[in-house]
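For the numbers below, each heavy atom of this structure counts, side chains included, while hydrogens, waters and symmetry mates do not. For this chain, numbers begin at 1 and follow the sequence in order.
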Amino acid sequence: MRHRVKKIKFSDGIDANRAIVRKLAVNFFLKGKLTTTLAKAKAMKPIIERLIEKMKVKTESNLNYLKQKLDNKEVIKIAYNNISPVIGKINGGYVRIVKLGKRDSDGAEVGRIDWAYPVVLKEEKKEGKKL
């Protein structure tokens with residue numbers, strides 16, 4: 001039986017849904033906030049929180065899980081350097097959804113996913129070759 005089992009279902013198919021989820025999660029972790037439709041925001045919240053749980057402790061299995069779901073080395077580096085020190089002592093409720101109203105073009109409900117606690121994403125400076 002499927003009691004209380006919530007699945008992400010968009011009209012694009014399984015592969016496209018996985019690609020949308022991966023892309024939205026990567027963009028959230030890179031930028032710190034994400035503005036999208038309310039349905040996608042509600043679908044993304046449990047996935048992002050599950051990924052943050054894996055970011056709290058750096059083990060080989062958690063690292064493999066993040067590589068599988070995110071497929072982005074930069075995000076994994078940000079996760080263990082910037083996110084895990086802030087979120088490490090908190091149990092759940094890492095992100096929140098803020099409703100922004102309706103979009104002018106098509107009338108879709110829009111929401112923004114934000115950090116519930118202040119997480120500062122530090123950008124590392126890359127040293128280039130000087131001539």
Side-chain angles (χ1 to χ4, degrees):
M1 289 187 220
R2 299 182 62 246
H3 295 298
R4 298 177 63 119
V5 175
K6 186 177 180 182
K7 299 249 180 183
I8 300 168
K9 292 184 181 178
F10 300 121
S11 62
D12 300 328
I14 295 172
D15 293 336
N17 289 346
R18 287 181 185 155
I20 288 171
V21 166
R22 176 176 288 146
K23 188 173 181 180
L24 290 175
V26 167
N27 286 337
F28 173 74
F29 289 122
L30 287 177
K31 297 193 175 20
K33 60 185 173 182
L34 179 70
T35 303
T36 183
T37 61
L38 198 57
K40 287 180 185 174
K42 286 182 178 180
M44 286 303 300
K45 185 178 176 187
I47 291 171
I48 290 174
E49 295 211 353
R50 194 173 305 128
L51 290 171
I52 294 170
E53 278 293 325
K54 299 293 183 180
M55 292 175 185
K56 286 169 72 172
V57 179
K58 188 173 186 179
T59 62
E60 192 69 29
S61 62
N62 288 348
L63 189 62
N64 288 337
Y65 183 84
L66 291 174
K67 285 179 182 177
Q68 176 189 7
K69 297 295 180 183
L70 296 175
D71 195 30
N72 191 329
K73 292 179 183 178
E74 185 180 347
V75 172
I76 295 171
K77 190 176 183 182
I78 288 171
Y80 288 119
N81 292 340
N82 299 341
I83 297 172
S84 66
V86 176
I87 302 293
K89 300 176 184 103
I90 302 166
N91 294 327
Y94 310 112
V95 296
R96 64 176 169 225
I97 297 175
V98 179
K99 294 181 181 178
L100 300 177
K102 294 191 176 191
R103 197 162 41 198
D104 290 334
S105 62
D106 59 354
E109 289 285 332
V110 179
R112 185 176 63 229
I113 301 176
D114 284 336
W115 289 104
Y117 301 96
V119 174
V120 178
L121 300 176
K122 301 172 191 170
E123 294 185 22
E124 297 178 8
K125 295 181 181 177
K126 295 182 181 178
E127 295 183 22
K129 294 182 180 179
K130 295 182 179 178
L131 298 175

Which heavy-atom pair separates [X] from [Y] by the least distance, and what is that distance?
X: Ala108; Y: Thr37; result: CB-CG2, 4.4 Å
X: Gly93; Y: Ala116; result: O-CB, 3.3 Å
X: Val86; Y: Ile90; result: O-CD1, 3.8 Å
X: Val21; Y: Met44; result: O-CE, 3.5 Å

Contacts table for residues 67-75: side-chain donor-acceptor under 3.5 angstrom, sequence neighbours left out:
from, atom 1, to, atom 2, distance (Å)
Asn72, OD1, Glu74, N, 3.1

Rounded to the nearest 0.5 Å, what separates atom [atom1] in [X] from atom [atom2] in [Y]?
X: Ile47; Y: Arg22; atom1: CD1; atom2: CZ; answer: 11.5 Å
X: Ser11; Y: Asn17; atom1: OG; atom2: CG; answer: 8.0 Å
X: Ile83; Y: Lys77; atom1: CD1; atom2: NZ; answer: 14.0 Å
X: Met55; Y: Ile48; atom1: CE; atom2: CD1; answer: 9.0 Å
X: Lys45; Y: Glu49; atom1: NZ; atom2: CD; answer: 5.5 Å
X: Arg96; Y: Arg112; atom1: CZ; atom2: CZ; answer: 8.0 Å

Other hydrophobic cluster members with Val98, side-chain heavy atoms of Ile/Leu/Val/Met/Phe/Trp/Tyr under 4.5 Å, chained?
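So far as hydrophobic clustering goes, Val98 is joined with Leu100, Val110.
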
Within a strict 4.5 Å, meaning less than it, do heavy atoms of the [X] and [Y] side chains meet?
X: Leu24; Y: Ile113; value: no
X: Tyr65; Y: Arg50; value: yes
X: Arg18; Y: Asp15; value: yes
X: Asn62; Y: Lys56; value: no

If you apply the rule side chain to side chain contact (heavy atoms under 4.5 Å, CB included), what do you find for Leu63 with Tyr80, and how did you get there?
CA-CA 10 Å; Leu63 189 62; Tyr80 288 119; 3.7 Å; yes

What residue pairs, at least two apart or across chains, pass ring-ring contact (aromatic ring centres under 6.0 Å, His included) with a residue in residues 13-47?
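Every ring-ring contact (aromatic ring centres under 6.0 Å, His included) pair that includes a residue of residues 13-47, provided the two are not neighbours, is Phe28-Trp115.
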
Evaluate whether atom CG of Asp104 has more than 12 neighbouring non-hydrogen atoms of other residues, nucleotides or ligands under 6.0 angstrom away.
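Not buried by this count: 12 neighbours or fewer within 6.0 Å.
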
Is the number of heavy atoms from other residues, nucleotides or ligands under 6.0 Å of Lys42 NZ greater than 12?
no

Is Leu51 reachable from Val57 through a run of I, L, V, M, F, W or Y residues, each pair having side-chain heavy atoms under 4.5 Å apart?
no

